[in-house]
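All values reported here derive from a predicted model rather than from experimental measurement.
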Amino acid sequence: PALHASSFELIVPVLQRVRRELGEGVELVCGGPAFKPERLGLEGLLESRPTLTSREAAALYLDCDVALGLAFTPHPTQAVVDALASGVALVLNDNAAHRWLLEPERNSLVADPTPTALSEQVLRALRDPTLRARLSAEGRARAGRTSWAQAADRLHTYLRERGQAARARPAGEDRLP
């Protein structure tokens, strides 16, 4: 993973804690751009799967109990949407901009973007099969109620309203010098 873009450095201690508490019985997999775990001191901790095709990513999600991701952008990443639609239990950093899709405690678990908080939510999901099943079912249901057409309509409405608000302001107001 591109450390600067993915905040992977926050995930490493989470993976280490999961392994420490759950042992070798848990398989840790990192999908995405190829990297060498040993270069980050992670040899033997996780398996790196290079960039995956859509089918390979879907198969990986279907094989996982929990997906952990970080998303600091104002829009959910493709990986988040794919994981939700695949029905894997999601643990993410709390990001209010994603609440239109991700509902904490309903279809995902959220935490402050710290290793401790993220670890607690990952371990909670891994230890509670009933919780995982509920998150999975709700995630698939939520993804099924969302379409690109709806998202485009929401974006169009937002932009139209912003444009109307901008035109209604007196000239020069709220403009940078």
Asker: When you compare the side chain of Leu70 with that of Leu92, does any pair of heavy atoms fall below 4.5 Å?
Answerer: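 Not in contact.
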Asker: Do you see a donor-acceptor pair shorter than 3.5 Å between the side chains of Thr130 and Arg134?
Answerer: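 There is no such pair (donor and acceptor under 3.5 Å, judged by atom type) between the side chains of Thr130 and Arg134.
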Asker: Going by heavy atoms in the side chains, are Leu46 and Val29 under 4.5 Å from each other?
Answerer: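 No, side chains not in contact.
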Asker: Without swapping roles, check the side chain of Asn107 against the backbone of Leu101 for a donor-acceptor pair under 3.5 Å.
Answerer: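 The answer is yes, because a donor-acceptor pair under 3.5 Å joins these two groups.
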Asker: Is the side chain of Arg140 donor-acceptor paired with the backbone N or O of Ala85 at a distance under 3.5 Å, no angle test?
Answerer: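 No, Arg140 side chain to Ala85 backbone: no donor-acceptor pair under 3.5 Å.
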Asker: Would you give the length of the straight line joining atom CG of Leu15 to atom CG of Leu68, rounded to the nearest 0.5 angstrom?
Answerer: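 The distance works out to 6.5 Å.
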Asker: Tell me the closest heavy-atom pair linking Val66 and Ala125, and the distance in Å.
Answerer: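 In terms of heavy atoms, the two residues are closest at CG2-CB, 3.7 Å.
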Asker: On a heavy-atom basis, which atom in Leu62 and which in Ser86 lie closest, and how many Å separate them?
Answerer: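 For Leu62 and Ser86, the tightest heavy-atom pair comes out as CD2-O, 3.5 Å.
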Asker: With the threshold set at 4.0 Å, does a side-chain nitrogen-carboxylate oxygen contact exist between Glu21 and Arg127?
Answerer: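 Yes, charged N to carboxylate O under 4.0 Å.
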Asker: Any sub-3.5 Å donor-acceptor pair from Asn95's side-chain atoms to Thr73's backbone N or O?
Answerer: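 Here the side-chain-to-backbone pair exists.
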Asker: Looking at CZ of Arg20 and CG of Leu45, how far apart are the two atoms once the value is rounded to the nearest 0.5 Å?
Answerer: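 Arg20 atom CZ to Leu45 atom CG measures 10.0 Å (nearest 0.5 Å).
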Asker: Taking the basic N atoms (NZ, or NE/NH1/NH2) and the acidic carboxylate oxygens, is any pair closer than 4.0 Å for Glu56 and Arg49?
Answerer: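 Between Arg49 and Glu56 there is no salt bridge, as every charged N stays at least 4.0 Å from the carboxylate O atoms.
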Asker: Are Ile11 and Leu118 side-chain neighbours, meaning at least one heavy-atom pair lies under 4.5 Å?
Answerer: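 A side-chain contact is absent here, since even the closest heavy-atom pair is not under 4.5 Å.
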Asker: Can a donor-acceptor pair be found between the side chains of Gln121 and Arg124 at a distance below 3.5 Å?
Answerer: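 A donor-acceptor contact under 3.5 Å links the two side chains.
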Asker: Taking Val110 as the starting point, is it possible to reach Val122 by hopping between hydrophobic residues whose side chains are less than 4.5 Å apart?
Answerer: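 No, it is not one cluster - the side chains of Val122 and Val110 are not joined through contacts under 4.5 Å.
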Asker: Do Glu103 and Glu138 make a side-chain contact, defined as non-hydrogen atoms from C-beta onward lying under 4.5 Å apart?
Answerer: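 Not touching, per the 4.5 Å side-chain cut-off.
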Asker: With clusters defined by side-chain heavy atoms of hydrophobic residues (ILVMFWY) lying less than 4.5 Å apart, directly or transitively, does Leu126 cluster with Leu60?
Answerer: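 The answer is no; the residues belong to distinct hydrophobic clusters.
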Asker: With a 4.5 Å cut-off on side-chain heavy atoms, are Thr116 and Arg17 touching?
Answerer: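 Result yes, sub-4.5 Å side-chain heavy-atom pair found.
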Asker: Counting C-beta onward and ignoring hydrogens, is there a side-chain heavy-atom pair between Ser119 and Gln16 closer than 4.5 Å?
Answerer: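 Counting from C-beta outward, Ser119 and Gln16 never come under 4.5 Å.
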Asker: To the nearest 0.5 Å, tell me how far Leu52 CG sits from Tyr61 OH.
Answerer: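 The distance works out to 8.0 Å.
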Asker: May I ask you to test the Arg19-Leu28 pair for a side-chain heavy-atom distance under 4.5 Å?
Answerer: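 They are in side-chain contact.
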Asker: Check the pair Leu42 / Val12 against side chain to side chain contact (heavy atoms under 4.5 Å, CB included), numbers first and verdict last.
Answerer: CA-CA 8 Å; Leu42 304 174; Val12 170; 3.5 Å; yes
Asker: Would you confirm whether Ser136, through its side chain, and Arg132, through its main-chain N or O, come within 3.5 Å as a donor-acceptor pair?
Answerer: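 Flag not set: sc Ser136 to bb Arg132 has no pair under 3.5 Å.
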Asker: With a 4.5 Å heavy-atom cut-off, do Thr77 and Asp82 have their side chains touching?
Answerer: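 No. Closest side-chain heavy atoms not under 4.5 Å.
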Asker: Working to the nearest 0.5 Å, report the span between CD of Glu27 and SG of Cys64.
Answerer: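 Output value for this atom pair is 8.0 Å.
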Asker: Looking at CG of Leu102 and OG of Ser108, how far apart are the two atoms once the value is rounded to the nearest 0.5 Å?
Answerer: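 Those atoms lie 4.5 Å apart.
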Asker: Distance from Leu135 atom CG to Leu84 atom CG, nearest 0.5 Å?
Answerer: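 The CG atom of Leu135 sits 10.0 Å away from the CG atom of Leu84.
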Asker: If every non-hydrogen atom of Val26 is compared with every non-hydrogen atom of Leu22, which pair is closest and at what distance?
Answerer: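 Result for this residue pair: CG1-CB, 4.1 Å.
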Asker: Give a yes or no on whether Arg55 atom CZ has more than 12 heavy-atom contacts from other residues, nucleotides or ligands under 6.0 Å away.
Answerer: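 Check fails, neighbour count at 12 or below.
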Asker: Got a donor-acceptor contact below 3.5 angstrom from the Asn93 side chain to the Ala71 backbone?
Answerer: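 Between the backbone of Ala71 and the side chain of Asn93 there is a qualifying donor-acceptor contact (under 3.5 Å).
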Asker: Quick one: closest heavy-atom pair of Pro104 and Arg99, and the distance?
Answerer: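 Heavy-atom minimum between the residues: CG-NE, 3.6 Å.
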